[in-house]
Amino acid sequence: MPKTTVSVIKADVGGWAGHSTVHPALIEAGNKVLGKGAEKGIITDYYVTHVGDDLELIMSHTKGTDNKKVHELAWSVFEEGTRVAKELKLYGAGQDMLADAFSGNVKGLGPGVAEMEFTERKGEPVVVIMMDKTEPGAFNLPVFRMFADPFNTAGLVIDPTMHDGFVFEVWDIEEHRKVFLRTPEEVYDLLALIGAKSRFVIKRVFPKKGKLPEDEPAAVVSTEKLYQIAGEYVGKDDPVGIVRAQSGLPALGEVIEPFAFPYLVSGWMRGSHNGPLMPVGLCNAKCSRFDGPPRAVALGFQVANANLGQPLDLFDDPAYDGARKQATKIADYMRRHGPFEPHRLPLADMEYTTLPKVMVKLRDRFKKV
Ligand code: F6R
Ligand code: MG
Ligand code: MG
C-alpha cells in the first residue's frame, strides 16, 4: 500500500461580493478541473470548498508532498478560476496569482499550501482547518493546545501513549530558519517563541517515536506570507492546517476544542485589525461584518485508501453557538476602539499595509523636538 498524501492548496482568485465569499461559479470551476485531474489519475479524490473569499482545494493522492503534477493541477484550477472571475468581474480577480506562469511548485507563487504524507492507519481521521481574514500565526494557539495543553487535551493526562508528548517544528518567518522543540520538557521555550505569532509559526507537529512511523507529522500548517512574496500588501495569508486525530494523537474532539474559545487573531478589515476568530459551519463561512470577523471552518474526513470520502462540517454544531456569541460580543468591544490600537495592529505589523503611503504624505512636515 503506497503512502497517502493530503494536500490542501488555497488561493483568493476573486471575491463575491467584495472580499466576503467565493462565487459558486468558482467552486464549479474547481470541481471541473479537479474532476479531470482525478480522471487522469493525478489525484485520487478531492473536495472543493471555500472559507470567506478563499477557494480551498482539498486533495488526496499517493504522489507525496511537493508533487509537480498535483501543484500544477491546483494552479490550473486557480487559472481557470481567475478566468471565470474576470468574466464575472468578481472583486480582485486573480488576487493571489503572483506569478504569470507555473514553475514546478505553487509555493512562492501566491497560493497557500499545507500537505502531509502518511501511512494510513486502520482508521485515519483527518481534520482540515481553514481560516479567512487572518495569518498563519493564528494556528499557534490552537495547535499548541491540541498537542501540549492538558487542560485542552485530556489524552495528554489519561492516555499513556500520549505521555511522551510531541515535537514542534517552529519557523521564524522573518529570518527564514526553523527550530524543533520538544514538549512537555521545553514547553516554556516553545511558548516564548510562538506567543509572537506574527513572527514564529508552528509549521508541523510530530509525535515522539513510536506512535506513527518516524517523520510522519500529526499536523501541518501553511506558512506562506503573501506580502513577503510580493514585497507589498497583496491580499492576505489566510492559513490552512491539516491535523490527524485519535489513537495516540489528540481525539477529534480535542483537535477542535481550542476553537470553542474565540481567541484574538490579527487580520480582519484590511489585514490591519485584531479580532476574535469565529468558528462557523460552511453555511456561515462568509466574512461580512467589517469584512469579518475572521472565521474558521473545520472539516472532518475519514480517509480510506487515499480517498477523502464525505466531509463532516465540524463547527456546524450548536455546541459552538456559545463561541460564536462570545465572538460577536468581542467584535462589538474591539470595534468600539475604531482606528486605535490594540484593535488596529501595532505599527510594525502595519508596515505591509497601505498605511505607510499615508505616512509618506506627512514626512516633510515633522520638525525636531
Ligand atoms: C482582503 C480583506 C479586505 C480588504 C478591504 C479593502 O482580504 O480582508 O478587508 O482589505 O476590503 O479592500 P480594497 O483595498 O481592495 O478595497
Ligand atoms: Mg479577497
Ligand atoms: Mg481571504
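Order of appearance sets the numbers: ligands from 1, and atoms from 1 within every ligand. Just so we're clear, the structure is a prediction, and the values are computed from it rather than from any experiment. Side-chain atoms are counted along with the backbone in the values below, which use heavy atoms only and exclude waters and symmetry mates.
- In this model, a donor atom of one side chain and an acceptor atom of the other lie less than 3.5 Å apart for K203 and T223.
- Atom OD2 is the N/O/S atom of D54 found closest to the Mg ion (ligand 3).
- Side-chain contact annotation: H343 with R335, donor-acceptor N/O pair under 3.5 Å present.
- The ligand atoms of ligand 1 that sit less than 4.0 angstrom from a heavy atom of W268 are 8 (O), 9 (O).
- Only side-chain heavy atoms of Y91 come within less than 4.0 Å of ligand 1; its backbone N, CA, C and O stay farther off.
- Remark: R177 engages D172 in a salt bridge, criterion side-chain N to carboxylate O under 4.0 Å.
- Heavy atoms of H19 found under 4.0 angstrom from ligand 1 belong exclusively to the side chain.
- At the Mg ion (ligand 3), the vertex angle linking OD1 of D132 with OD2 of D238 is 90° (nearest 10 degrees).
- Side-chain atoms of S7 and E115 form a donor-acceptor pair, as typed in the model, at a separation below 3.5 Å.
- Considering only non-hydrogen atoms, atom 6 (C) of ligand 1 lies nearest to R270 out of Q95, K133, H273, R270.
- For H19, the N, O or S atom closest to the Mg ion (ligand 2) goes by the atom name ND1.
- Applying the ring pair (Phe, Tyr, Trp, His ring centres under 6.0 Å) test to F200 and every residue at least two apart in sequence or in another chain returns nothing.
- Remark: H71 pairs with no residue by the ring pair (Phe, Tyr, Trp, His ring centres under 6.0 Å) rule, at least two apart or across chains.
- To the nearest 0.5 Å, atoms CG (L109) and CZ (F102) are separated by 7.0 Å.
- For the Mg ion (ligand 2), the set of nearby N, O or S atoms under 2.8 Å includes one belonging to D53.
- The atoms of ligand 1 that sit less than 4.0 Å from any heavy atom of M269 are 9 (O).
- The closest side-chain donor-acceptor pair between E135 and S266 falls under 3.5 angstrom.
- Close N/O approach between D291 and ligand 1 is found [any backbone or side-chain N/O within under 3.5 Å].
- Closest to the Mg ion (ligand 2) among the N, O or S atoms of D12 is OD2.
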